[in-house]
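Below: one structure, written as structure tokens.
Note on naming: letters A, B, ... go to the chains in the order of the sequence lines (proteins, then strands), and numbering restarts at 1 for each one.
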There are 2 protein chains.
Amino acid sequence: MRKQDITIYDVAREAKVSMATVSRVVNGNTNVRKDTRERVMKVINRLHYQPNAVAQGLASKRTTTVGLIVPDLTNLYFAELSKGIDDIALLYKYNIIITSIENRLMREDQAIQGLLNKQVDGVIYMSDNLPEEAIEAFKRTDTPVVLAGTKDSHSEFPSVAIDYQKADTEALNLLYNDGRRNLALVLGNPDTVVSAENRIPAYKKFMADHGLGEGHIYTNIKDHSDGYNLLSQLEQDGIDGVIVSRDVTAVGILNSAIDAGKKVPEDLEIITANATQIASVVRPALTAIRQPLYDIGAVAMRMLTKLMNNEEVPEKQIELSYEILKKQSTTNE
Amino acid sequence: MRKQDITIYDVAREAKVSMATVSRVVNGNTNVRKDTRERVMKVINRLHYQPNAVAQGLASKRTTTVGLIVPDLTNLYFAELSKGIDDIALLYKYNIIITSIENRLMREDQAIQGLLNKQVDGVIYMSDNLPEEAIEAFKRTDTPVVLAGTKDSHSEFPSVAIDYQKADTEALNLLYNDGRRNLALVLGNPDTVVSAENRIPAYKKFMADHGLGEGHIYTNIKDHSDGYNLLSQLEQDGIDGVIVSRDVTAVGILNSAIDAGKKVPEDLEIITANATQIASVVRPALTAIRQPLYDIGAVAMRMLTKLMNNEEVPEKQIELSYEILKKQSTTNE
DNA sequence: CTGAAAGCGCTAACAT
DNA sequence: ATGTTAGCGCTTTCAG
């Protein structure tokens, strides 16, 4: 059996209409008389006709496909964002081409170009690392782009995220109210927009405002074992409260503390800034900045559908609200 | 700037060759003289020509796109499989269209049909729930399919997985050697091929072989809270050792035990059968059947590339080796 | 080694 | 309401 043996032409012949009419009924065009529509439908069903989306795409210049650019699918942060995107995409009948860029073989701008070559109708970019080449690639095209769970420096692109500075400040304040004075910030890549322009400035400002000195910012701490190994350094620096950008990293610190016989939160308070499922299943459960990841994805995709339809989008920089989930890794006084 | 302003025709004109020749150099056809190739390349670069993949797909009947069908991206089991698939896909220059079927709006066979309409060159199916309509949809097409991390009842389709029966038996044996006699099996959907034809028979056989009676099989225990709530039942039934099909569920049981003041492994031994990252970051770390998820995905995708090229694939039912990772949720005597 | 020409399967004016 | 006719941008014989 062939991949595609029957075409719109076969249906037209069998139903004794032109292919234009078949096309109309397939696309739900109302300008078809009821009985011809039914006749055509009957033939479609009998022949099991299925439109070739590639041909449709070439002819109509719309592929009903959106591209997703994501650093790493096994990072639940992105997986949860993706789920929100996926659900809305399904609702609006878009397919998703996913491209992960963590792999060294794939640069950001190449990923974008690949998606553009496939003629996607729009793209959602989820990495908080948006290099110059990527920005230029986006500017060269008129295919709409939305950033999800991240922002760009100059707010050139539509985005959906939270107010990272406010969230971090609030988290630092929680630590401060618990009596902690030696506060640290643990980051992965320090050069991303979220780190460099949001978390770090918020941290520095907080420390200055409260007369806590320079503080300690640890960078390039990216996974569980990095976190695990960081503990001795934290001890050495006398840290008693820490904000960690990624939750598996936070869990690494937590496990390291437990294994070393330290008590959390008594000896060290931990707050994770990007909570996923993992933050809540470890014990003690991690106090966290809970970003509405699913919603961020969903809102981003919804905005993209509007952009793809050239609809009005008054607010292009959307900030959703977060909450600070007080769990067991802080005393919450 | 247009989505696609320059076509192969523009390049042909500028380079003073026919579009056939441009097509040849774009596709690396060797039948082009070196200097014409270079001349064409220069024009391509000057004009920033990028081939329209949709047009290529229509003309060549190959889209260099594969479809992925996955129940839930936020389940790390599938995310890790996907990563293996993605890396190999990148290597062979395939794009990936991902479809999740967890959503009630999308049935398995609809997902398949949607992918087929998009003219994917192949599909990888990752759900261990393969309903009859899905089987028929696959049979109706000659687009190759590979099952990853699961199997079908009759081994009709190529698949990459592990020997679930052997793995479960080995895990049960570990519990038995630790002196446990009241062994239970905790499953999500009991009607999948992996559950119904592998885990359950292996469990029943083990219980019978060791004179341990009927045992206890708990079904439809799907997430952390299901696991959490199951504990009281386990206690009631006097269970002292349990195999859990999903690791977040296992963590639910574990946390419930901890919160109830029980000791793991002393009071209850836990082994998770589908270990992901989560199994190793909780404390006590979970003893687990470690499936090589990344490799399963990678091997499945590699096999699919061969199938798509009509290459010989002698072994279509591949079983990769697993290992039993002895951690802290068993005494390991 | 290169070009001409016929599609791939469908949409979208434009007629009627 | 329906049919006719050009393409969409590219690949692929088939000639030469």
Side-chain angles (χ1 to χ4, degrees), chain A residues 2-41 43-44 47-65 113 116-121 141 143, chain B residues 2-41 43-44 47-65 113 116-121 141 143:
Chain A
R2 227 56 95 274
K3 183 182 281 188
Q4 178 74 28
D5 23 22
I6 43 137
T7 71
I8 200 172
Y9 186 75
D10 300 314
V11 176
R13 182 168 26 72
E14 292 283 314
K16 301 188 192 330
V17 293
S18 71
M19 32 188 299
T21 299
V22 178
S23 175
R24 287 187 187 99
V25 350
V26 167
N27 293 296
N29 186 315
T30 49
N31 280 87
V32 182
R33 215 173 27 187
K34 190 161 172 250
D35 57 318
T36 57
R37 168 183 310 282
E38 281 165 359
R39 182 154 40 92
V40 171
M41 281 306 292
V43 176
I44 286 179
L47 265 39
H48 290 102
Y49 167 72
Q50 292 287 144
N52 178 324
V54 172
Q56 289 180 314
L58 183 59
S60 69
K61 295 179 167 301
R62 301 190 76 242
T63 55
T64 57
T65 300
Q113 192 54 254
L116 261 22
N117 293 166
K118 289 274 180 175
Q119 313 300 120
V120 295
D121 297 334
T141 175
T143 303
Chain B
R2 229 55 94 276
K3 182 182 283 190
Q4 178 74 26
D5 25 22
I6 43 139
T7 71
I8 202 172
Y9 186 76
D10 300 313
V11 177
R13 181 168 27 72
E14 292 283 312
K16 300 190 196 324
V17 293
S18 71
M19 32 187 300
T21 299
V22 178
S23 175
R24 289 188 186 97
V25 351
V26 166
N27 293 296
N29 186 314
T30 48
N31 281 88
V32 182
R33 215 172 29 188
K34 192 163 171 248
D35 57 317
T36 54
R37 169 184 306 282
E38 281 165 0
R39 183 153 42 91
V40 172
M41 280 306 292
V43 176
I44 285 178
L47 265 40
H48 291 102
Y49 167 71
Q50 294 285 146
N52 178 326
V54 172
Q56 290 179 314
L58 183 59
S60 68
K61 297 181 168 297
R62 302 190 75 242
T63 55
T64 58
T65 301
Q113 192 54 255
L116 261 21
N117 293 166
K118 290 275 180 175
Q119 313 300 117
V120 297
D121 296 335
T141 176
T143 303

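Within the 4.0 Å cut-off from OP1 or OP2 of D/dG3, at least one side-chain nitrogen or oxygen of A/Ser18 is found. Of the side-chain N and O atoms in B/Lys61, one or more sit less than 4.0 angstrom from OP1 or OP2 of C/dG9.
Take A/Ser60 and apply the side chain to side chain contact (heavy atoms under 4.5 Å, CB included) test, not counting sequence neighbours, and it matches A/Arg62. Judged as a side chain to side chain donor-acceptor pair (under 3.5 Å), and not counting sequence neighbours, the contacts of A/Thr64 are B/Lys118. Applying the side chain to side chain contact (heavy atoms under 4.5 Å, CB included) test to B/Ser23 and every residue at least two apart in sequence or in another chain returns B/Ile8, B/Asn27. Residues passing the side chain to side chain contact (heavy atoms under 4.5 Å, CB included) test with A/Ala59, sequence neighbours excluded: none.
A/Leu47 CG to A/Arg13 CZ: the interatomic distance, rounded to the nearest 0.5 Å, is 8.5 Å. With rounding to the nearest 0.5 Å, the separation of OH in B/Tyr9 from OG in B/Ser18 is 11.0 Å.
For DNA chain C, none of the residues of residues 31-39 of chain A falls under the heavy-atom distance limit of 4.0 Å.
Counting non-hydrogen atoms under 4.0 angstrom, B/Val54 reaches nothing in the nucleic acid.
Annotation: the terminal axes of the helix from C/dC1-D/dG16 to C/dT16-D/dA1 meet at 30°, where each axis is the rotation carrying the C1' atoms of four end pairs onto the next four (5 pairs per end, rounded to 10°).
Straight-line distance from the CZ atom of B/Arg13 to the P atom of D/dG9: 13 Å, rounded to whole Å. Distance, A/Gln119 CD to C/dC10 P: 19 Å, rounded to whole Å. When the C1' atom of D/dG9 is taken as reference, atom NZ of A/Lys118 falls 15 Å away, rounded to whole Å. Nucleotide C/dC8 holds its P atom 11 Å from the CG atom of A/Asp10, rounded to whole Å. C/dA12 atom C1' lies 11 Å from atom CG of A/Asn29, rounded to whole Å.
Contacts classified as salt bridge (Lys or Arg N to Asp or Glu O under 4.0 Å) and involving residues 14-28 of chain A (residues at least two apart or in different chains) are given here: A/Glu14-A/Arg46. Counting only residues at least two apart or in different chains, salt bridge (Lys or Arg N to Asp or Glu O under 4.0 Å) contacts with residues 25-34 of chain B comprise B/Arg33-B/Asp35, B/Lys34-B/Glu38.
Closest of all the heavy-atom pairs between B/Ala55 and A/Leu58 is CB-CD1, 3.8 Å.
In the set D/dC8, D/dC10, C/dC8, the nucleotide with an atom closest to the side chain of B/Leu58 is C/dC8.
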Letter per nucleotide, 5' to 3', of nucleotides 11-16 of chain D [B base touched, S only sugar-phosphate touched, - untouched; heavy atoms, 4.0 Å]
BB----
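For the pair A/Leu116/A/Thr143, a side-chain contact is recorded, criterion being any heavy-atom separation below 4.5 Å from C-beta on. The shortest distance between side-chain heavy atoms of B/Ile44 and B/Val26 falls below 4.5 Å.
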